[in-house]
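Numbers here simply count residues along the sequence, with the first being 1.
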Amino acid sequence: MSMLTNTLGRYFAGRFVVAALGVFASIFLLLVLVDYIEMVRKTSGLASASAIMVAETSLFRVPQLLEKLTPFCMLIGAMTCYLALSRRLELVVARAAGISAWQFISPALGSALLIGVIATIAYNPMSANLRELSKRMEAELFGSAPGGGIQDASGFWLNQVTSDGQTIINAARSEQQGVRLTGLTLFRFDTEQHFKERVEAREATLESGHWLFKSVRRFTLDSPPVDQATLEIPTTLTEAQVRNSFSTPETVSFWQLPSYIRSSESSGFATAGYRLQYHKLLAQPFLLAAMVMLAASVSLRFFRMGGVQKMVLSGVGAGFLLYVLSKVTEDLSKAELMHPIAAAWLPVVVGGLTGFLALLYQEDG
């Protein structure tokens, strides 16, 4: 505990935090640049798309993408920190003073746990809110552009059956977990499953007992297209049902996940995805600490002993294998073949034990 509070411990913790934040900022800038170039390509034919708005849209999209790379930022940051300390012989001096590896990695472990807590309770809600804002800005950019029609078979699909017949809804984009949709195409059938009309709309909002569509154009087989300002279509769908079809667990903030899980359970929907995301966020601080353990196990070798390149490659390889394991357990959990708690915590246990055993093998305790 004294190593976490004394001057040397604060120094090691500061070096680790600076290295991790440096890697985080570098990847953030790279993702913003790549996403901005892609957004410029998509909006090149839109006269209403300004460079500032495109840049803001990309800037708001990136935090959620970067959240998935946080463990790798921690791994690379820890490796960079310890390799720099070793190159400058600071680890040699620390060992000569009688400080073991367990003592000078404990400040980084404490810092990783703290960063993980902040990432879960603060960064995750912020990234989810920014993603919703970016969706709204995308709707403004592409709202008047083609692509929400029949030629675009991508996006989100929803089927509803009422007393008036069947309606199949295709939306290019969704906001507020499916409560607001943009770029819509509807195929409506009567009660005998005969095609009635095709409807295109700029946006739609789920209200009590009906969908409210705006900027509507209706196509039928025996009459020319008709433009309408609004159109109401009855629905029996609830917000929970729409949310289950359009939202993804990654777009729901940490603080909202418990209520989403309860509402999905009460509506009879599968909650494996939401439960998995919730436990992944709970396990995130310990996953970041496990990444520090992995990084320390491959980064404490002295430069003069050689083999630095192999250490770096082995650390990156271990991180990649841990990522593959997390994806496999995630897919098994979503298919309800593995409990969400086991799927979320298994990569943490494997990564932490691997780093711990490697350090035990290398160090004398």
Verdict with reasoning, Thr70 to Phe24, per side-chain contact (heavy atoms from CB on, under 4.5 Å): CA-CA 7 Å; Thr70 302; Phe24 190 89; 4.1 Å; yes

side-chain hydrogen bond (donor to acceptor under 3.5 Å, both in side chains) evaluation trace for Ser326 with Thr329: CA-CA 5 Å; Ser326 66; Thr329 56; 5.7 Å; no

Step-by-step side-chain contact (heavy atoms from CB on, under 4.5 Å) determination, Val62 to Phe28: CA-CA 7 Å; Val62 166; Phe28 178 81; 3.6 Å; yes

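Residues Leu359 and Leu357 have side chains not in contact (no heavy-atom distance under 4.5 Å, counting atoms from C-beta outward). In this structure the side chain of Leu114 reaches within 4.5 angstrom of the side chain of Ile118, judged on heavy atoms.
Remark: side-chain polar atoms of Asn129 are paired, donor with acceptor, to backbone N or O of Pro125 under 3.5 angstrom. The backbone N or O of Ser208 sits less than 3.5 Å from a side-chain atom of His210, completing a donor-acceptor pair. Checked by atom type and distance alone, the side chain of Thr120 pairs as donor or acceptor with a backbone atom of Leu281 at under 3.5 Å. Side chain of Asn124 to backbone of Phe254: a donor-acceptor contact under 3.5 angstrom is found. Looking only at distances, a side-chain donor or acceptor of Gln228 sits under 3.5 Å from a matching main-chain atom of Thr230.
Annotation: side chain to side chain contact (heavy atoms under 4.5 Å, CB included) contacts of Leu113 (sequence neighbours excluded): Pro285, Phe286, Ala289.
Annotation: the span from Leu59 atom CG to Tyr36 atom OH amounts to 12.0 Å, rounded to 0.5 Å.
For the pair Tyr274 and Ile261, the tightest heavy-atom approach, listed with the atom from each and the gap, is CB-CG1, 3.6 Å. Across all non-hydrogen atoms, the minimal contact from Ala344 to Ala283 is O-CB, 4.1 Å. Closest non-hydrogen pair, Leu288 versus Gly116, comes out as CD1-CA, 3.5 Å.
Taking a cutoff of 4.0 Å between a charged side-chain nitrogen and a carboxylate oxygen, Arg218 and Glu197 qualify as a salt bridge. The pair Glu200-Arg198 counts as a salt bridge, with a side-chain nitrogen and a carboxylate oxygen less than 4.0 angstrom apart.
In terms of hydrophobic clustering, with Ile, Leu, Val, Met, Phe, Trp and Tyr side chains grouped at heavy-atom distances under 4.5 Å, Leu231 and Val226 are assigned to different clusters. Val328 and Trp345 sit in two unconnected hydrophobic clusters of ILVMFWY residues. Membership requires side-chain heavy atoms under 4.5 Å apart, directly or through other members. Clustering ILVMFWY residues whenever any of their side-chain heavy atoms sit less than 4.5 angstrom apart, transitively, puts Val199 in the very cluster that holds Leu181.
A centroid separation of 6.0 Å or more is found between the aromatic rings of Phe195 and Phe187. For Phe72 and Tyr323, the gap between ring centers is short of 6.0 Å.
Between the side chains of Thr235 and Gln160, a donor-acceptor pair is found at a separation under 3.5 Å. Ser134 and Arg131 share a donor-acceptor pair across their side chains, judged by distance under 3.5 Å alone.
Counting non-hydrogen atoms of other residues, nucleotides and ligands closer than 6.0 Å to NZ of Lys196 gives a total above 12. For CZ of Arg217, the number of neighbouring non-hydrogen atoms (other residues, nucleotides, ligands) closer than 6.0 Å is 12 at most.
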Residues 312-320 side chain polar contacts: donor-acceptor under 3.5 Å, at least two apart:
residue	atom	partner	partner atom	Å
Ser314	OG	Lys310	O	3.1
Ser314	OG	Met311	O	2.6

